[in-house]
Amino acid sequence: MLSRSFRRIDLPDQIFDVAIIGAGPAGYTAAIRAGQYGLKTALIEKDPKLGGTCLHVGCIPTKALLFNAEIYDHLKAAKEFGVEISGDAKLNWTAIQDRKNKIVTKHAKGLEFLMRKNKVEVIHGFGKLTGGAKDGVVTIDAGGQQVRARNVILATGSAAKMLPGMQAGDRILTNIEILSLPAIPKSLAVIGAGAVGVEFGSIYRSFDAEVTIIEALPRMVPVEDEDISKELARVFRKRGINTHVGAKVDKVETTKNGVTVNFTTSDGKPQKLEAERLLVAVGRRPLTENIGIESTKIQSERGFLHTDEWMQTSEPHIYAIGDIVAGLPQLAHVGSMAGMVAVAKIAGKPARPLHRNRIPGCTYTEPQIGSVGLTEAQAKDTGRQIKVGKFPFSANSKATIVNSHEGFIKIVADAQYGEILGVHIIGPSATELIAEAVTAMELEATVDDLMFTIHAHPTLAEAMLDAAGSVNAMAINA
Ligand SMILES: Cc1cc2nc3c(=O)[nH]c(=O)nc-3n(C[C@H](O)[C@H](O)[C@H](O)COP(=O)(O)OP(=O)(O)OC[C@H]3O[C@@H](n4cnc5c(N)ncnc54)[C@H](O)[C@@H]3O)c2cc1C
């Protein structure tokens, strides 16, 4: 039975102020904000549940599994902490899956509540534009119903790319299948060392699987600062994760017991890898086919839609947000902020465009990665004089207390004015610590401002103070 918010409604005479296609983090955030502004809002979703990739097969279930992995890692090291447990810690896969599913369900219900609270009309159906705006009104076909709106926001998200000739199934997996495996595989091969590939590699290694990651580019997490890539590769090696960068996958075959991956290493050696399962994590394609783009003036490139700084496409009254937008990182928080920007613009409220250099990027591996702004190489490429400070967690007392001293905080700053250009963290709680750096950069703080900001002791955040000090060769603890 359809839930209350998914009932079919009578729409012919209604004209919404804004209709949003897609209820992932980009779309549902836009809908909530539109409701808060008092706009008459429709949210069109093809799936039975709201939340999109992020809630159902992305951010939330992966981070739920990651927390299990963390607990299990701690238990394996219990003796070091003076905690005696009788026998070995064991994983109960069914209980882990149940917990993950409960978290997802709780938040999906939360979204339905938020739609009711903000008077958003949720329409269940596949949304397709029937053309551009006519007399200031855009018409959408939503699973056979006509939805008319003065403004439309496209937020249809993305899906995992597959390598040519391969199909996802029970051996070859995408982010969807790997989240609900019947059992923990003994071995896992991963193609792709971007965020999704390294996160699953890290999680399943903690769950005791043999993990091998194959990446075509010359380094792991290629969008990160080079020092971060090196440190991740070092710690992964220490954790027993095999990594091959600059490698080319030649052939993948499914066998009775798993998969065989034939690949060529960076130094030209052919290799054959056997694994129980293979995760293909080679990026995500925008879901913009069949949504009527061709009936409009919207400009696109390989399926990604071009927008201006207010997320408006070249078709008046039609906006695009989230994973389908050209030139923006495919991250939930980017999509949701883009939604808030677009809706503010539609409502005529104050807004600021997204600032490309102030987008935090987080990778939830062990060790975690959090970064914002320019890498050292990108900062050098701008032609300005820069200075760099780096502070290791091994010299931070809280990191020692929590027994997690791999990694560092690296700050890239303008040499003359001390403007913070980029912050790159790998280590404990990096995905939380990065928030301070984003705020500092948003407020245009300098390295000196950070050096005179009091950080509580003993905390991991103090490493930020020392990293700022190290830019001027004045870290206290190193
Ligand atoms: C394994 C994994 C882990 C991730 N972890 C993180 C993380 O930790 N942090 C982070 O920031 N990002 C993470 N991401 C990325 C994040 O999930 C995406 O950036 C985010 O979900 C994009 O939001 P969106 O709203 O643009 O699209 P989606 O979340 O993909 O939502 C799009 C929605 O639109 C619906 N839809 C599509 N077409 C139509 C149509 N024609 N009509 C009606 N409805 C339609 C879909 O059913 C879906 O509900 C992760 C991704 C993956 C795969």
Side-chain angles (χ1 to χ4, degrees), residues 6 19-31 42-67 100 104 108 111 122-129 140-145 147 152-161 173-180 190 192 194-203 279-293 303-305 311 319-325 328-339 342 359-365 368-370 431 434:
F6 284 147
I20 300 154
I21 306 183
Y28 72 67
T29 304
L43 180 63
I44 301 164
E45 170 56 53
K46 67 174 172 55
D47 285 350
K49 289 183 182 156
L50 309 182
T53 301
C54 170
L55 177 54
H56 298 282
V57 287
C59 326
I60 303 302
T62 50
K63 270 84 249 182
L65 290 184
L66 183 78
F67 190 61
K100 177 201 75 180
V104 171
L111 285 176
V122 177
I123 300 165
H124 188 53
F126 187 94
K128 179 176 178 165
L129 297 165
I140 298 165
D141 178 287
Q145 306 181 81
V147 178
V152 168
I153 302 180
L154 303 172
T156 47
S158 64
K161 281 192 206 157
L173 319 167
T174 67
N175 61 297
I176 297 178
E177 298 79 22
I178 196 172
L179 280 167
S180 37
V190 179
V196 173
V198 293
E199 283 185 12
F200 279 115
S202 180
I203 290 169
L279 170 70
V280 180
V282 292
R284 298 185 61 79
R285 63 181 176 83
L287 289 176
T288 50
E289 313 103 6
N290 308 321
I291 61 165
I293 299 297
F304 289 98
L305 309 187
M311 314 316 299
Y319 295 71
I321 57 175
D323 280 8
I324 58 174
V325 177
L328 283 179
Q330 291 178 306
L331 293 169
H333 44 280
V334 176
S336 51
M337 186 54 78
I359 294 175
C362 292
T363 305
Y364 301 80
T365 34
Q368 296 185 359
I369 299 169
T431 58
I434 197 64

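In each ligand, atom 1 is the first atom listed, and ligand 1 is the first ligand listed.
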Could you say whether the N/O atoms of D47 and ligand 1 ever approach to under 3.5 Å? yes
Would you check whether F126 has a nitrogen or oxygen atom less than 3.5 angstrom from a nitrogen or oxygen atom of ligand 1? no
What's the shortest distance from [atom] to any protein heavy atom, and which residue and atom give it?
atom                    : result
atom 39 (C) of ligand 1 : T156 CG2, 3.6 Å
atom 25 (O) of ligand 1 : A26 N, 3.0 Å
atom 27 (O) of ligand 1 : G157 CA, 3.1 Å
atom 18 (C) of ligand 1 : D323 OD2, 3.3 Å
atom 11 (O) of ligand 1 : A332 N, 2.9 Å
atom 44 (N) of ligand 1 : K46 N, 3.1 Å
atom 35 (C) of ligand 1 : E45 OE1, 3.2 Å
atom 9 (N) of ligand 1  : C59 SG, 3.7 Å

Evaluating non-hydrogen atoms only, which member of [options] is closest to [atom]?
atom                    : options               : result
atom 51 (C) of ligand 1 : G58, G361, G194       : G58
atom 23 (O) of ligand 1 : P286, P360, P25       : P25
atom 42 (N) of ligand 1 : G339, A160, G127      : G127
atom 32 (C) of ligand 1 : G125, A155, A30       : A155
atom 30 (O) of ligand 1 : D141, L154, N175, T53 : T53

Which atoms from ligand 1 have a heavy atom of [X] less than 4.0 Å away?
X    : answer
H333 : 11 (O)
I21  : 40 (C), 42 (N), 43 (C)
I44  : 43 (C), 44 (N)
A23  : 33 (C), 34 (O)
R284 : 53 (C)
C54  : 17 (O), 21 (O), 29 (O)
Q330 : 15 (C), 19 (O)
G322 : 26 (O)

Heavy-atom contact under 4.0 Å between [X] and ligand 1?
X    : value
K49  : no
F200 : yes
T62  : yes
K63  : yes
G335 : no

Can you see whether E177 engages T174 through a side-chain donor-acceptor pair at a distance of less than 3.5 angstrom? yes
Is there a side-chain contact between [X] and [Y], using heavy atoms and a 4.5 Å cut-off?
X    : Y    : value
H56  : K49  : yes
I20  : I44  : no
I21  : I153 : no
E199 : K63  : yes

Scanning both residues in full, the closest heavy-atom pair of A26 with G322 reads CB-CA, 3.8 Å
Please work out whether any backbone atom (N, CA, C, O) or any side-chain heavy atom from C-beta onward of C362 is under 4.0 Å from ligand 1, and answer side chain, backbone, both or neither. neither
